[in-house]
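In what follows, chains are A, B, ... by sequence order, proteins preceding strands, each numbered from 1.
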Amino acid sequence: MTLPAIRVRAVTKCYGALQALAGIDLEVAQGEFFGLLGPNGAGKTTLISALAGLVRPTSGQLEVMGHDVATDYRNARLRLGVVPQELVFDPFFTVRELLRIQSGYFGYRHNDDWIDEILHHLDLIPKADANMRTLSGGMKRRVLVAQALVHRPPVIVLDEPTAGVDVELRQGLWQFVKKLNADGHTIVLTTHYLEEAQALCGRIAMMKAGRIVALDTTSHLLSSFASRSLKVRVELGDVALELGGTAAGEWVEFGFDEPGEVEILLARLRQAGAGVLELAVGGADLERVFVEVMRRA
Amino acid sequence: MPEASPFIGFRTLLYKEVLRFWKVAIQTVAAPVLNALLFLLIFSHVLDRHVTVYGGVAYTAFLVPGLVMMSLLQNAFANSSSSLIQSKITGNIIFVLLPPLSYRAFFAAYVLAAVLRGLLVAVGVWLMSACFVLTPIAHPLWALAFAVLGGALLATFGVIAGIWADKFDQLATFQNFLVMPLTMLSGVFYSIHSLPPLWQQISHFNPFFYMIDGFRYSFFGQSDASPWLSLGVVSLCFALLAALTLRMLATGYKLRG
Ligand SMILES: Nc1ncnc2c1ncn2[C@@H]1O[C@H](COP(=O)(O)OP(=O)(O)O)[C@@H](O)[C@H]1O
Ligand SMILES: [Mg+2]
């Protein structure tokens with residue numbers, strides 16, 4: 001059995017009376033593309049910080065590639081790359097200086113070949129000698145990603161890397177992260193863009209108030225909730241609502257799991273005389289799953 | 001990837017800390033040198049003809065080692081404390097918290113960089129003071145010992161202040177109500193033998209007095225206290241403060257939540 005990339009056991013974190021983490025157990029296997037989802041304040045960043053040794057858990061234990069983050073922090077940190085949520089930077093240095101320095105902190109000199117490769121993949125070559133202060137937010141975000149990769153960590157954690165980032169950069173970034181994953185890196189990702197999580201992550205944990213409230217493969221999560229939708233625009237909206245739909249603007253939306261349910265639903269709408277004007281079938285949708293999980297939790 | 005070396009981690013942090021002040025050397029080195037020279041210019045102009053110390057040392061000459069040491073101490077403190085608080089406030093402290101740097105390497109790098117800045121300023125003040133008065137160093141090894149130890153003591157104090165403070169004004173409080181008064185009252189501008197007995201007694205409880213006095217001994221071969229006593233006091237203070245700081249760093253106080 002190979003070691004899990006990440007192992008979290010019974011981790012709690014209290015800030016005074018607030019329980020930011022209320023008992024987290026989690027394993028992420030090597031090579032996974034794992035999503036950590038949850039509303040603001042759910043504890044995602046706290047969990048990542050505990051993994052990175054930035055925060056000491058109140059109780060419990062965390063490992064990266066089998067190395068305890070407290071007792072064997074050297075080996076744990078060498079194997080972990082973290083892209084922080086906050087757009088932090090050191091205004092004193094250029095991009096290249098910063099990456100060289102970051103390599104050095106991890107104990108690597110003469111790392112320029114790899115640094116060039118990262119710069120290339122992140123489209124940062126033209127900015128390599130620019131001072132950090134002069135970069136736009138999106139560029140600073142890319143540098144944060146580069147900094148997390150200087151030591152070629154097998155496990156990479158990205159905490160909302162696309163928050164406030166334009167579409168083009170998001171696409172480019174995901175391309176690169178997918179490549180890293182294909183090359184064998186384990187990826188853990190938090191994001192508020194659920195379409196992104198759905199498209200990228202093989203497995204997903206959903207957190208709420210410091211707990212994991214759903215943990216499954218993405219496809220299983222999608223199929224285990226009423227995750228497809230039938231939307232209809234009808235003459236008599238009230239009638240459709242009485243049949244169990246939910247209003248969505250001019251439309252009424254029904255959730256369903258099996259395609260057969262659609263036939264039945266349409267038949268009942270006709271029987272009730274709702275008068276269907278238009279209809280649309282939505283595919284499996286993580287957003288609906290998320291809303292449902294959060295409602296039930 | 002080759003084997004990662006912890007020593008390279010330490011060296012890089014030291015290099016980064018040195019580069020940080022060196023890139024703005026006008027403010028971090030040149031400005032304090034100018035400050036000290038202004039003190040020297042004014043005080044010596046006003047007092048030189050009226051005051052002699054140790055029966056024969058002109059006041060301006062007496063002032064030089066004190067000013068050199070004062071500049072060294074203040075800048076060593078300023079370097080480690082301001083670097084840490086800046087990193088904490090901007091959040092980029094995480095770049096040194098994420099890598100596998102040991103807390104000892106962390107301590108050593110911040111303190112050494114701060115001592116280096118202190119020494120640079122000290123050498124600058126001393127060399128420029130030659131424009132007013134020549135003050136050769138009688139005992140260079142004593143000078144080096146007090147400069148390095150005193151600088152390390154204040155650099156360590158700066159690490160504590162930088163970690164403890166959450167805002168710049170808290171740091172300023174440290175500087176204005178502790179570092180400044182203790183330096184000013186340490187005998188930079190006077191021999192404590194010129195003080196009333198009570199104040200002489202009180203001065204002996206001020207660690208800064210021993211740093212300045214011991215350093216001055218290295219110039220003139222004369223001092224208010226024995227240089228060995230001064231060396232002992234300064235070493236002891238440094239050892240205690242270093243132990244406290246290492247403890248803070250090991251537990252992650254204020255740095256690892
Ligand atoms: N340093 C801290 N002190 C006090 N409370 C904190 C601290 N850090 C996080 N919290 C609280 O812990 C909870 C979880 O925060 P966080 O992990 O940032 O959530 P998420 O990343 O999922 O949005 C929030 O209620 C937050 O306010
Ligand atoms: Mg967060």
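- Pairing each heavy atom of A:Phe106 with each of B:Pro100, the nearest pair is CD2-CD, 3.4 Å.
- Looking at B:Lys23, only its side chain comes within 4.5 Å of chain A, counting heavy atoms on both sides.
- For a residue to count as touching a neighbouring chain, one of its non-hydrogen atoms must lie under 4.5 Å from one of that chain's; by this rule A:Leu144 touches chain B with the side chain only.
- By the 4.5 Å heavy-atom criterion applied to side chains, A:Tyr105 and B:Val96 are counted as neighbours.
- The local environment of NZ in A:Lys127 is sparse, with at most 12 non-hydrogen atoms from other residues, nucleotides or ligands closer than 6.0 Å.
- Note that OG of B:Ser83 and CZ of A:Phe92 are 8.0 Å apart. Values are rounded to the nearest 0.5 Å.
- When all heavy atoms of A:Phe89 and B:Phe95 are compared, the pair lying nearest together is CA-CE1, 4.1 Å.
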Before giving the answer on side-chain contact (heavy atoms from CB on, under 4.5 Å), spell out for A:Arg100 and B:Tyr15 the whole-Å C-alpha distance, their side-chain angles and the decisive distance to 0.1 Å.
CA-CA 11 Å; A:Arg100 282 188 180 149; B:Tyr15 166 79; over 6 Å; no
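- Under the 3.5 Å distance criterion, the side-chain polar atoms of B:Arg256 are left unmatched by any main-chain donor or acceptor of A:Arg56.
- Atom CE of B:Met180 sits in a sparse spot, with 12 or fewer heavy atoms from other residues, nucleotides or ligands closer than 6.0 Å.
- Nearest approach of A:Gly104 to B:Thr12, heavy atoms of both residues: CA-OG1, 3.2 Å.
- If you measure heavy-atom distances from B:Ser102 to chain A, the contacts under 4.5 Å come from both the backbone and the side chain.
- With a 6.0 Å radius and a threshold of 12 heavy atoms from other residues, nucleotides or ligands, B:Leu38 has its CG atom above the threshold.
- For B:Ile93, no part lies near chain A; criterion is any non-hydrogen pair under 4.5 Å.
- Environment of CH2 in B:Trp22: sparse, with no more than 12 heavy atoms of neighbouring residues, nucleotides or ligands closer than 6.0 Å.
- Expressed to the nearest 0.5 Å, how far CD of A:Glu86 lies from CD1 of B:Ile94 amounts to 9.0 Å.
- Of all the heavy atoms in B:Asn92 and A:Asp90, the pair that sits closest is ND2-CA, 3.5 Å.
- With a 4.5 angstrom heavy-atom cutoff, A:Phe93 touches chain B via backbone and side-chain atoms both.
- The heavy-atom pair separating B:Leu101 from A:Arg77 by the smallest distance is O-NH1, 4.1 Å.
- Between chain A and the residues B:Leu13, B:Leu97, B:Leu98, B:Leu255, the largest count of heavy-atom pairs under 4.5 Å involves B:Leu98.
- The minimum heavy-atom distance linking A:Leu78 with B:Ala4 is given by the pair CD2-CB, 3.8 Å.
- With a 4.5 angstrom heavy-atom cutoff, A:Gln102 touches chain B only via side-chain atoms.
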